[in-house]
Amino acid sequence: MTEVHRIMLENACTKDVFREMDGFLAIINILSTLPMCREESLTTEREEQALSNTIEVARLVFVIGSEAMIDNEMNSQYFEVRHTIRYFYLYCPYILSVPRRV
C-alpha cells in the first residue's frame, strides 16, 4: 500500500487509474476485513503488534483515499456518487473499536 501511495504522489494521472481500476472499492474491502485480520493475528502475534499493524493499514487506506481525491474532481465525485463514503462510515466504528484481552 505504501507503494501505491508513492506512485500516486509521483504521477497525478495515476489517480484516474486508481479510480478506473476500482481502487476505491479495493480500499473499502481492505477496511471491511481489518477487524477479522486483527482477530486472526491475535492468535499468532503479540497484541500490541497486531494493533499496530491494524492501525497502520487503516492509516494507509485513508491516506491513499484522500490522496486520490486531492486535486481530482472526478475522483471526489465518484467517491460521493458511488456511495463509497457510506462504507467508510460503516466500517470505521469496527476499526476503531479495539477489544482488549486479558
Side-chain angles (χ1 to χ4, degrees):
M1 289 181 56
T2 55
E3 191 69 13
V4 170
H5 184 234
R6 183 188 64 77
I7 292 169
M8 201 178 284
L9 289 173
E10 286 180 3
N11 191 343
C13 75
T14 58
K15 294 179 181 185
D16 292 327
V17 173
F18 180 80
R19 180 190 68 250
E20 292 165 0
M21 300 303 293
D22 291 327
F24 287 110
L25 181 61
I27 62 174
I28 293 300
N29 188 40
I30 291 168
L31 278 181
S32 72
T33 60
L34 277 180
M36 291 180 291
C37 291
R38 184 171 181 280
E39 285 297 319
E40 289 175 11
S41 67
L42 287 177
T43 60
T44 59
E45 296 181 56
R46 293 183 23 227
E47 185 174 350
E48 295 86 23
Q49 184 61 45
L51 176 59
S52 176
N53 291 345
T54 300
I55 290 170
E56 179 61 12
V57 171
R59 184 190 72 79
L60 284 169
V61 163
F62 287 103
V63 166
I64 291 169
S66 65
E67 183 62 39
M69 290 183 279
I70 291 174
D71 297 328
N72 191 307
E73 188 62 31
M74 286 186 75
N75 280 358
S76 296
Q77 289 176 358
Y78 178 89
F79 186 74
E80 290 179 30
V81 171
R82 296 289 180 140
H83 307 289
T84 309
I85 196 166
R86 177 182 65 175
Y87 293 106
F88 273 101
Y89 291 127
L90 178 66
Y91 292 120
C92 281
Y94 295 111
I95 295 165
L96 298 175
S97 66
V98 180
R100 288 279 179 189
R101 295 175 191 255
V102 180

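Under the salt bridge (Lys or Arg N to Asp or Glu O under 4.0 Å) criterion, D16 pairs with R19, not counting sequence neighbours. The side-chain contact (heavy atoms from CB on, under 4.5 Å) test applied to N29 returns S32, T33, not counting sequence neighbours. Contacts of E56 classified as side-chain contact (heavy atoms from CB on, under 4.5 Å), with partners at least two apart in sequence or in another chain: R59, L60. Applying the side-chain contact (heavy atoms from CB on, under 4.5 Å) rule to E73 yields the partners Q77; only residues at least two apart in sequence or on another chain are considered.
For the pair F18 and F24, the tightest heavy-atom approach, listed with the atom from each and the gap, is CE2-N, 3.6 Å.
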Run the side-chain donor-acceptor check on residues 61-71: report pairs under 3.5 Å with partners two or more places apart or on a different chain.
from, atom 1, to, atom 2, distance (Å)
S66, OG, F62, O, 3.0
S66, OG, V63, O, 3.1
E67, OE2, K15, NZ, 3.3

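Under a 4.5 Å side-chain heavy-atom cut-off, the cluster of Ile, Leu, Val, Met, Phe, Trp and Tyr residues that includes V17 is completed by M21.
How far CD of E10 is from NE2 of H5: 11.0 Å, rounded to the nearest 0.5 Å.
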